[in-house]
Colleague: 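Quick one: the structure is below, and I'll ask about it shortly.
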Amino acid sequence: MNLAIGKATKQATLLCTVSLIALAIDLPQQASAQSTLPAVTVDAPKPQQRARNTTTTSSRTATRAPRRAAARPAAVQPAPVPSINERAYAGNYGYVAGTASSGSKTDTPLIDTPRSISVIDRKELDDRGVSNVVEAVRYTAGVATGTFGFDPRFDSIMLRGFPAVTFGDYRDGLRQHASSFAAYRTEPFQLSSIEVIKGPAAVLYGQSVPGGLIDRRSKLPVDNQVNEIHLQAGTYGRMQTAFDVGGTNPDKSLLFRLVGLGRGGDTNYDIADQRLMLAPSITWRPNLDTTFTAYALVQKDETDGSVAMINRDNALLKINGETVKLRTSDPKYDYMRVEQAQVGYKLEHHLNDVFTFRQHTRFNTLHAETRYLAGSFATPTATTFDRYAVSIGDDQHSIQTDNTLQADFTTGPIVHKTLFGVNYDQNTYNFKLGFGSVDPSYALNILNPVYGLTGTTPAYASDTRTKQDQVGVYLQDQMRLGNWHLSISGRQDWADRTQTNALTGAVTGTQNDSAFTYSAGLLYHFDNGIAPYVSYATSFQPVTNLGINNTLLAPAEGEQIEGGIKYQPQPDVLLTASVYDLKEKNAAKLAGVFNGVQYYASVGEIRVQGFEFEGRARITPELETVTTYTYSDAQITQTTIASELGKTPAVTPKNMASSWINYTFLNGPLEGLGLGAGVRFVDSTWTTNDNTSRNSGYTLFDLAARYDFAKLGPKFAGYQASINANNVADEQVAVCNAGYCYLSQGRTVIGTLRYRW
């Protein structure tokens with residue numbers, strides 16, 4: 001890994017390191033009282049929450065409490081209080097989350113956050129039998145999935161009309177960088193929750209898409225953990241086993257957790273689905289004020305390199321008027337093998353009543369090898385699909401660190417939660433590409449298709465290395481005056497990019513960018529639980545396209561104004577309705593050809609105006625539900641392509657709606673039985689930006705059932721069986737996108753046997 005960086009980034013990294021050393025050591029006057037943990041007896045009372053000034057309390061309870069009593073008998077000293085990170089990763093264990101740390105990087109209630117954020121908790125993930133991140137977020141307002149059909153290679157997700165695959169993929173608050181083709185894959189079993197931020201979030205996270213981001217929150221050590229092991233079997237030969245075990249020492253100063261998974265089998269259309277994953281983590285709390293967590297992840301996946309279907313005229317292939325579903329590649333030849341690893345640590349240290357320092361640093365590496373067959377017809381009426389082989393190699397390495405200093409204080413009647421942050425992000429990736437010539441042995445007769453071919457892998461003909469460095473400095477102040485909540489944030493970023501021909505060493509493009517992004521939000525929390533709000537936010541996103549002078553183009557920019565109302569009459573009910581006006585400006589668009597080479601210009605603009613509703617509630621102790629509706633009016637307002645002007649971007653649905661209902665029998669003869677049912681509607685979409693043909697809209701149904709065997713007697717405590725069926729009617733919807741066609745996910749049925757203790 002090449003860690004050579006510029007002077008500014010070296011200084012920033014040095015400052016972060018110095019801060020870490022200084023803040024990780026107690027000050028002399030604190031050493032005698034807090035350097036070691038006090039003794040704890042087995043019968044010690046339940047730990048009490050640290051009394052500390054914070055804006056996470058209700059706007060009606062702003063009384064400041066002392067930090068701790070001057071002295072306590074050793075036998076009743078509380079165990080260390082979980083840090084903000086531990087609280088975030090412990091999960092809310094219900095459909096309605098109380099807080100979301102991703103939206104502000106602080107412990108702030110959702111009802112008091114002046115923007116739209118959705119949280120999918122572990123319980124909902126289990127109830128719906130989620131097997132990938134795409135399935136996890138598809139009952140979320142503002143989120144569109146399946147825009148490339150069923151594609152297990154990537155987490156293809158759109159937020160408010162913008163793809164979040166490359167710049168919207170975050171894990172535990174740090175971005176998971178994608179290479180030019182391959183991307184990090186996230187196993188949902190290893191997650192405690194998923195947080196979806198809608199709209200620009202660059203003020204806290206740097207370069208990102210204007211639609212928002214998805215933060216995948218990992219399972220990390222927690223107090224009183226429930227351990228689990230499960231076995232799964234399902235359609236297409238799916239077999240999976242997984243475990244989640246952890247524990248703590250008697251005084252809870254040392255906690256550990258180990259999550260692992262192994263899976264084999266296929267998915268729809270003979271697409272492989274194989275995975276091995278292991279994720280250990282350990283937390284050390286040497287005193288009441290310091291928490292240190294180290295973690296790692298190793299994962300190996302194999303799926304297919306291409307999931308496209310053969311098409312003509314931007315529609316699925318038809319023979320004698322009948323639609324034919326044939327893959328362009330061959331399942332036997334095809335593969336995409338990805339190996340990824342992550343190692344990181346999280347530190348939280350409370351200096352005093354006011355200041356808290358946090359640092360999160362992570363190293364990431366990814367290696368992928370991909371090959372598949374692609375092709376075309378020689379003539380519009382040909383019955384032979386001529387194919388050739390493609391090979392792709394990806395190697396990616398990155399290091400990230402995010403450092404924040406939080407100050408909780410008051411100025412007169414105003415309560416402040418102020419956050420100052422510095423983060424550094426370096427990403428280097430190589431993209432290698434090879435093509436074979438058209439090979440008659442790979443030709444596919446569409447009238448008599450025969451699969452099962454294999455052959456050699458083309459040698460790489462090109463190797464492009466891209467290096468990206470980003471340093472960001474940001475400041476956020478969350479203020480509360482009575483029931484008023486005001487949040488103001490600003491951030492300055494410096495981003496450098498260099499592209500090099502790795503075969504010759506020649507620099508093919510450079511770009512040095514700086515950007516200032518900001519946001520502001522105002523919310524009033526009425527005593528009856530109604531909270532209207534308004535917010536404004538901006539973003540920036542570097543691009544890799546080259547202009548006519550062969551230099552990288554300036555970043556695209558985004559801005560959004562949003563207004564909405566949240567309603568939380570009780571803790572287990574949260575309704576959110578929002579309207580927004582979102583723009584992406586200066587996007588790269590094809591501008592012409594010069595000396596036989598295509599060049600781009602920063603002239604593209606897309607405007608999305610929309611309305612979203614999301615209701616999450618426990619209506620009764622037995623009944624939980626998530627209901628959403630999304631309206632999105634997207635329009636291309638500036639472009640170099642005349643036929644696209646004023647049109648709707650491809651695969652952007654105007655209407656989407658979903659509802660999931662979960663019912664658990666808590667008494668009577670059916671006690672222990674749980675049932676779930678869901679419906680998902682996606683409107684028709686355009687296949688291309690010039691809006692000449694459409695993909696059909698569709699409605700899909702999901703079902704679930706589970707049983708807790710503990711109701712049969714104490715010896716069965718901890719055992720649970722469940723079965724989940726997605727797309728029960730097996731509607732294999734065609735999705736065509738800019739000249740390529742795919743099929744949506746067909747019916748899948750997965751049975752799970754769990755044991756928890």
Side-chain angles (χ1 to χ4, degrees), residues 55-56 59 88 96-120 137 140-143 159-162 164 168 170 173 193-206 208-215 217 417 419 421 474-480 483-491 517-526 529-540 558-568 574-584 608-616 628 630 632:
T55 60
T56 62
S59 51
V96 183
T99 63
S101 60
S102 299
S104 62
K105 292 190 177 180
T106 63
D107 227 353
T108 303
L110 283 171
I111 187 65
D112 293 332
T113 303
R115 68 179 304 157
S116 181
I117 299 174
S118 297
V119 179
I120 304 101
V137 299
T140 305
V143 175
L159 299 177
R160 290 188 170 175
F162 294 92
Y170 281 75
S193 64
I194 297 175
E195 300 184 4
V196 182
I197 303 176
K198 303 162 193 178
V203 73
L204 291 178
Y205 295 95
S208 56
V209 294
L213 61 87
I214 299 174
D215 193 15
R217 314 295 286 187
K417 185 185 291 290
L419 193 71
Y474 56 95
L475 180 65
Q476 172 183 267
D477 192 6
Q478 296 173 272
M479 294 166 278
R480 177 164 50 82
N483 288 13
W484 288 99
H485 296 261
L486 174 64
S487 177
I488 300 176
S489 308
R491 177 184 177 115
T517 53
Y518 54 97
S519 70
L522 180 65
L523 178 146
Y524 188 84
H525 189 168
F526 288 94
I530 296 176
Y533 70 91
V534 63
S535 64
Y536 178 82
T538 63
S539 66
F540 81 105
E559 65 173 352
Q560 173 186 274
I561 183 169
E562 177 182 328
I565 297 177
K566 300 183 181 185
Y567 180 49
Q568 189 166 30
L574 179 60
L575 311 179
T576 303
S578 61
V579 294
Y580 63 89
D581 189 335
L582 174 61
K583 292 181 182 179
E584 181 188 44
V608 184
Q609 296 175 304
F611 166 78
E612 295 169 1
F613 170 80
E614 181 168 308
R616 294 177 169 271
T628 72
T630 301
S632 176

Colleague: Tell me the closest heavy-atom pair linking G615 and L575, and the distance in Å.
Modeller: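 Nearest pair, atom of G615 first, then L575: CA-CD2, 3.6 Å.
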Colleague: OG/S487 to CG/D477 distance, rounded to the nearest 0.5 angstrom?
Modeller: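 Reported value, rounded in 0.5 Å steps: 8.0 Å.
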Colleague: So which atom in G212 and which in V209 form the shortest heavy-atom distance, rounded to 0.1 Å?
Modeller: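 Reported closest heavy-atom pair: O-CG2, 3.2 Å.
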Colleague: Got a donor-acceptor contact below 3.5 angstrom from the E562 side chain to the S116 backbone?
Modeller: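 Looks like yes, one N/O pair under 3.5 Å.
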Colleague: How would you list, by chain and number, every residue that makes a side-chain hydrogen bond (donor to acceptor under 3.5 Å, both in side chains) with S104, sequence neighbours excluded?
Modeller: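 Once residues adjacent in sequence are excluded, the partners of S104 under the side-chain hydrogen bond (donor to acceptor under 3.5 Å, both in side chains) criterion are T106, T108.
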Colleague: Distance from L475 atom CG to I488 atom CD1, nearest 0.5 Å?
Modeller: 10.0 Å
Colleague: What residues form a side-chain contact (heavy atoms from CB on, under 4.5 Å) with Y518, not counting sequence neighbours?
Modeller: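 In terms of side-chain contact (heavy atoms from CB on, under 4.5 Å), with neighbours along the sequence ignored, Y518 is linked to F516, Y536, T538.
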Colleague: Does the side chain of L582 reach to within under 4.5 Å of the side chain of P210, using non-hydrogen atoms?
Modeller: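 Side chain of L582 against side chain of P210, heavy atoms only: contact under 4.5 Å found.
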Colleague: Do E612 and R160 have side-chain heavy atoms sitting under 4.5 Å apart?
Modeller: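 Yes - at least one pair of side-chain heavy atoms lies under 4.5 Å apart.
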Colleague: Quick one: side-chain contact (heavy atoms from CB on, under 4.5 Å) partners of I111, sequence neighbours excluded?
Modeller: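 For I111, the residues satisfying side-chain contact (heavy atoms from CB on, under 4.5 Å) (neighbours in sequence not counted) are P109, H525, A531, K566, Q568, L574.
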Colleague: Looking at every non-hydrogen atom in both residues, tell me the closest pair between Q560 and P200 and how far apart they are.
Modeller: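 What the structure gives for the nearest pair is CB-CD, 3.5 Å.
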Colleague: Does a side-chain heavy-atom distance below 4.5 Å link F613 with T630?
Modeller: no
Colleague: Taking the side chain as everything from C-beta on, heavy atoms only, tell me whether S101 gets closer than 4.5 Å to R217.
Modeller: yes
Colleague: List in chain and number order the residues that pass side-chain contact (heavy atoms from CB on, under 4.5 Å) with Y524, two or more places apart in sequence or in another chain; answer none if no residue qualifies.
Modeller: N483, W484, F526
Colleague: Rounded to the nearest 0.5 Å, what separates atom OG in S102 from atom CD1 in I214?
Modeller: 11.0 Å
Colleague: Are side-chain heavy atoms of F162 and V608 found at a separation under 4.5 Å?
Modeller: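 Heavy-atom side-chain distance check passes, below 4.5 Å.
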Colleague: For Y170, give me all partners under side-chain contact (heavy atoms from CB on, under 4.5 Å), at least two apart in sequence or on another chain.
Modeller: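 Once residues adjacent in sequence are excluded, the partners of Y170 under the side-chain contact (heavy atoms from CB on, under 4.5 Å) criterion are R175, Y205, S208, L213, D215.
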Colleague: Using 0.5 Å steps for rounding, measure from the OH atom of Y567 to the OG1 atom of T576.
Modeller: 13.0 Å
Colleague: Only counting residues at least two apart or in another chain, list the ones meeting salt bridge (charged side-chain N to carboxylate O under 4.0 Å, His left out) with K198.
Modeller: E614
Colleague: Contact between V196 and I117 at the side-chain level, heavy atoms closer than 4.5 Å - yes or no?
Modeller: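 No. Closest side-chain heavy atoms not under 4.5 Å.
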Colleague: What residues, two or more places apart in sequence or in another chain, satisfy salt bridge (charged side-chain N to carboxylate O under 4.0 Å, His left out) together with D581?
Modeller: R607
Colleague: Once rounded to the nearest 0.5 Å, what's the spacing between atom CG of L159 and atom CD1 of I197?
Modeller: 10.0 Å
Colleague: Are the side chains of T140 and T628 in contact, using a 4.5 Å heavy-atom criterion?
Modeller: no
Colleague: Looking only at side chains, do S578 and R115 share a donor and an acceptor under 3.5 Å apart?
Modeller: no
Colleague: Verify the distance criterion only: is there a donor paired with an acceptor across the side chains of Q476 and R491 at less than 3.5 Å?
Modeller: no
Colleague: Can you give me the closest heavy-atom contact between A577 and Y533, atom names plus distance?
Modeller: O-OH, 4.5 Å
Colleague: Might you work through the side chain to side chain contact (heavy atoms under 4.5 Å, CB included) test for Y474 and L419, ending with a clear yes or no?
Modeller: CA-CA 8 Å; Y474 56 95; L419 193 71; 4.3 Å; yes
Colleague: Applying side-chain hydrogen bond (donor to acceptor under 3.5 Å, both in side chains), can you list everything that pairs with Y580, at least two apart in sequence or on another chain?
Modeller: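 Partners of Y580 by the side-chain hydrogen bond (donor to acceptor under 3.5 Å, both in side chains) criterion come out as none, since no residue qualifies.
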Colleague: Just how far is it from atom CG of L110 to atom CZ of R616, taken to the nearest 0.5 Å?
Modeller: 9.5 Å
Colleague: Among all residues two or more places apart in sequence or in another chain, which pass the salt bridge (charged side-chain N to carboxylate O under 4.0 Å, His left out) test with E584?
Modeller: none
